[in-house]
Amino acid sequence: MQNNVLILDFGSQYTQLIARRVRELNIYCEIKPYNNPPKDLSSFKAVILSGSPHSVRSEDAPHPDLSEIKGKKPLLGVCYGAQYLAQHFGGEVGQSNTREYGRANLSMVKDGETFMKGVSSNSQVWMSHSDTIKKLPANAVRIASTHDVENAGYRIEGEDTYAIQFHPEVYHSTDGKKILENFLVNIAGIAQTWTPDAFVETTVADLKSKLGDDRVILGLSGGVDSTVAATLLHKAIGKNLHCIFVNNGLLRKNEFTDVLKQYEGMGLNVKGVDASARFLKELEGESDPEGKRKIIGKVFVDVFDDESKLVENAKWLGQGTIYPDVIESVSATGGPSATIKSHHNVGGLPDYMQLKVVEPLKALFKDEVRRVGASMGLSASLLGRHPFPGPGLGIRILGDITPEKVAMLQEVDHIFINGLREAGLYDNVWQAGAMLLPVNSVGVMGDERTYEKCVALRAVESTDGMTADWVNLPYEFLQKVSNDIINKVKGVNRVVYDISSKPPATIEWE
Ligand code: XMP
């Protein structure tokens with residue numbers, strides 16, 4: 001990749017944010033763990049050192065070898081990175097008298113510095129450190145201070161090496177992006193050419209040359225990632241992309257037919273496989289959450305395998321894997337053991353399938369996948385869809401699954417989700433759905449006593465599903481949805497709203 005930036009990760013919680021800010025500047029970058037850096041640095045035009053939970057003064061702190069980088073390529077140290085550069089090259093780092101967390105304001109910004117161009121002297125920055133740089137290296141020039149931190153920013157004379165104690169990548173550092181732009185564009189001279197359109201163009205060309213006339217199989221889920229991946233592959237190889245969209249009987253109401261139609265309308269070579277009966281039969285009597293997940297995963301692989309065999313001479317399996325799934329992250333303790341998250345959209349395929357894997361989105365963050373989708377003309381409604389779990393309603397029906405329960409929950413879910421759309425609330429919510437609880441409760445309808453099911457509605461805001469909070473939906477909205485559900489869905493006489501955050505509660509109830 002041209003104009004690539006290397007971010008060396010020392011385990012900071014903000015490392016991914018640095019990458020996002022850099023890419024927002026239309027510059028491509030990659031995160032690599034400090035203890036497993038790329039062997040060949042020739043494609044990197046600049047390097048950024050991240051923050052870290054470690055103190056540079058501790059024995060087991062990361063001590064990367066920068067001999068091929070410092071003084072040879074534009075280099076920016078952030079927080080730990082700034083302290084490491086100071087300590088390692090002749091300065092001194094010690095414990096600070098006042099620990100600085102959160103907001104601070106720059107009290108001095110040295111005039112005439114390209115790095116600080118456009119940054120005002122009282123600009124707000126975000127600090128998160130307990131060590132401080134007490135003495136700069138001999139050839140360093142101080143370029144910024146805050147009230148409590150004298151050496152908040154410095155550069156090394158005669159090199160394109162810069163360092164800042166604060167975090168330019170977080171939203172609360174008002175001019176953070178400007179500083180990153182000054183470094184990458186004005187100092188490192190990197191062109192801002194990495195746009196969604198450019199990504200589509202180069203990816204399609206790469207896919208064309210990689211895949212030639214080979215056939216690719218891809219499992220579509222109705223979600224954003226698999227759809228965008230399929231669209232890119234379709235642009236590259238057309239009808240040689242064979243998409244399979246499986247109905248596991250646990251999709252939302254009308255989802256299978258609606259989404260299939262949408263895919264066909266997009267010109268994709270897609271086969272809809274209705275395997276509902278097979279899934280529901282295998283699930284009969286199983287009430288353990290993990291047991292249900294396992295059955296759904298296994299039946300999916302079997303169905304997918306059967307269908308794949310019908311595609312003669314398929315050589316590749318396309319997947320919608322995205323960047324956060326493949327980033328090698330430095331463990332929270334900063335130890336040498338890098339953990340690699342793995343991801344299998346199709347739940348792990350049997351080895352005998354012998355397909356090579358092609359993952360056109362594996363360099364992109366979720367919001368970038370959406371932007372790439374938009375640049376290829378995918379509809380906003382498709383790109384804005386809430387995430388939906390692979391096991392579908394199967395993990396929202398607590399206890400055992402029957403076709404009647406699925407039908408009941410589909411109706412409830414449909415009223416809730418449509419209600420969100422009609423009230424203009426859908427896009428304010430990250431994910432929403434309904435749970436069918438395994439209890440009956442007493443009610444009264446007309447003159448009759450009822451003893452029927454209870455459903456729980458859940459709507460959360462989140463960025464990645466790792467943490468989430470419940471959404472404060474208007475009472476009037478909840479009142480209307482509850483009324484509609486109880487009046488229209490036979491067998492439900494009670495609706496509750498889930499007001500638990502994650503952690504400790506998960507988003508799904510199973
Ligand atoms: P939890 O319930 O763990 O969910 O807070 C976090 C996010 O992951 C989704 N989820 C799943 N997705 N297979 C999936 O493909 C699963 O088994 C699964 N379980 C949870 C969930 O919908 C939420 O977005």
Side-chain angles (χ1 to χ4, degrees), residues 218-229 244-252 255-256 259 275 279 282-283 286-301 303-304 318-326 341-349 359 361 365-367 369-370 383-399 401 406 409-410 412-413 416-417 420 426-437 455-471 497-510:
L218 181 139
L220 282 169
S221 69
V224 176
D225 300 344
S226 66
T227 307
V228 175
I244 298 169
F245 180 38
V246 176
N247 183 3
N248 59 10
L250 301 162
L251 301 176
R252 298 193 134 117
E255 176 108 335
F256 182 59
V259 173
F279 278 89
E282 296 281 339
L283 282 164
E286 179 62 68
S287 55
D288 174 63
E290 283 314 299
K292 291 197 283 185
R293 268 200 178 76
K294 280 208 183 91
I295 293 172
I296 296 167
K298 176 172 180 315
V299 178
F300 183 88
V301 170
V303 172
F304 195 83
Q319 290 201 307
T321 315
I322 64 172
Y323 195 42
D325 303 322
V326 295
K341 288 192 258 170
S342 62
H343 174 96
H344 300 285
N345 280 352
V346 290
L349 285 175
E359 298 167 311
L361 306 178
F365 287 107
K366 189 86 180 180
D367 50 335
V369 173
R370 293 206 171 93
L383 296 172
R385 290 174 73 128
H386 291 171
F388 188 66
L393 300 182
I395 52 171
R396 293 183 181 172
I397 294 170
L398 277 65
I401 300 169
V406 174
L409 187 57
Q410 279 178 333
V412 172
D413 177 79
F416 183 34
I417 300 297
L420 285 170
Y426 185 86
D427 292 334
N428 304 344
V429 169
W430 189 78
Q431 185 173 20
M435 321 290 155
L436 184 65
L437 308 190
V455 292
L457 307 182
R458 183 121 167 91
V460 296
E461 48 197 31
S462 175
T463 50
D464 50 16
M466 304 293 283
T467 57
D469 208 355
W470 59 280
V471 180
Y497 186 53
D498 184 348
I499 53 166
S500 328
S501 64
K502 174 185 179 177
T506 50
I507 296 174
E508 306 294 346
W509 279 38
E510 281 196 341

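Whatever order the structure lists ligands and atoms in, that order sets their numbers, starting from 1.
Contacts with ligand 1 closer than 4.0 Å are made by side-chain heavy atoms of Trp430 only, the backbone lying farther away.
Atoms of ligand 1 found under 4.0 Å from any heavy atom of Lys502, numbered from 1 in the order shown, are 1 (P), 3 (O), 5 (O), 6 (C).
On a distance-only criterion, Gly390 and ligand 1 share at least one N/O pair closer than 3.5 Å. By the 3.5 Å distance cut-off applied to N or O atoms, Phe388 is not counted among the residues near ligand 1.
Between Phe245 and Phe256, the angle of the ring planes lies from 30° to 60°, which puts this pair in the tilted group.
Contact annotation for atom 2 (O) of ligand 1: protein present (non-hydrogen atoms, distance under 4.0 Å).
Paired with Leu383 under the rule side chain to side chain contact (heavy atoms under 4.5 Å, CB included), one option of Thr227, Val224, Val369 passes, and it is Val224.
Residue nearest to atom 16 (C) of ligand 1, selected from Pro387, Ser221, Pro391: Pro391 (by heavy-atom distance). Of the options Arg293, Glu508, Lys292, the smallest heavy-atom separation from atom 19 (N) of ligand 1 is shown by Arg293.
In this structure, Arg385 pairs ionically with Glu255, as a charged nitrogen and a carboxylate oxygen lie closer than 4.0 Å. Between Glu510 and Arg396, none of the side-chain N atoms (NZ, or NE/NH1/NH2) sits under 4.0 Å from a carboxylate O, so this pair counts as no salt bridge. Under the 4.0 Å criterion applied to side-chain N and carboxylate O atoms, Lys294 and Asp288 are not assigned as salt-bridge partners.
Looking at Val326 and Thr321, their side chains come closer than 4.5 Å, going by heavy atoms from C-beta outward.
Ring pair Phe300/Phe279: centre-to-centre distance not below 6.0 Å.
Regarding atom 7 (C) of ligand 1, its nearest protein heavy-atom neighbour is Ile507 CD1, 4.4 Å. From the protein, the heavy atom lying nearest to atom 10 (N) of ligand 1 is Pro389 CB, 3.9 Å. Among all non-hydrogen protein atoms, the one lying nearest atom 24 (O) of ligand 1 is Gln431 OE1, 2.7 Å.
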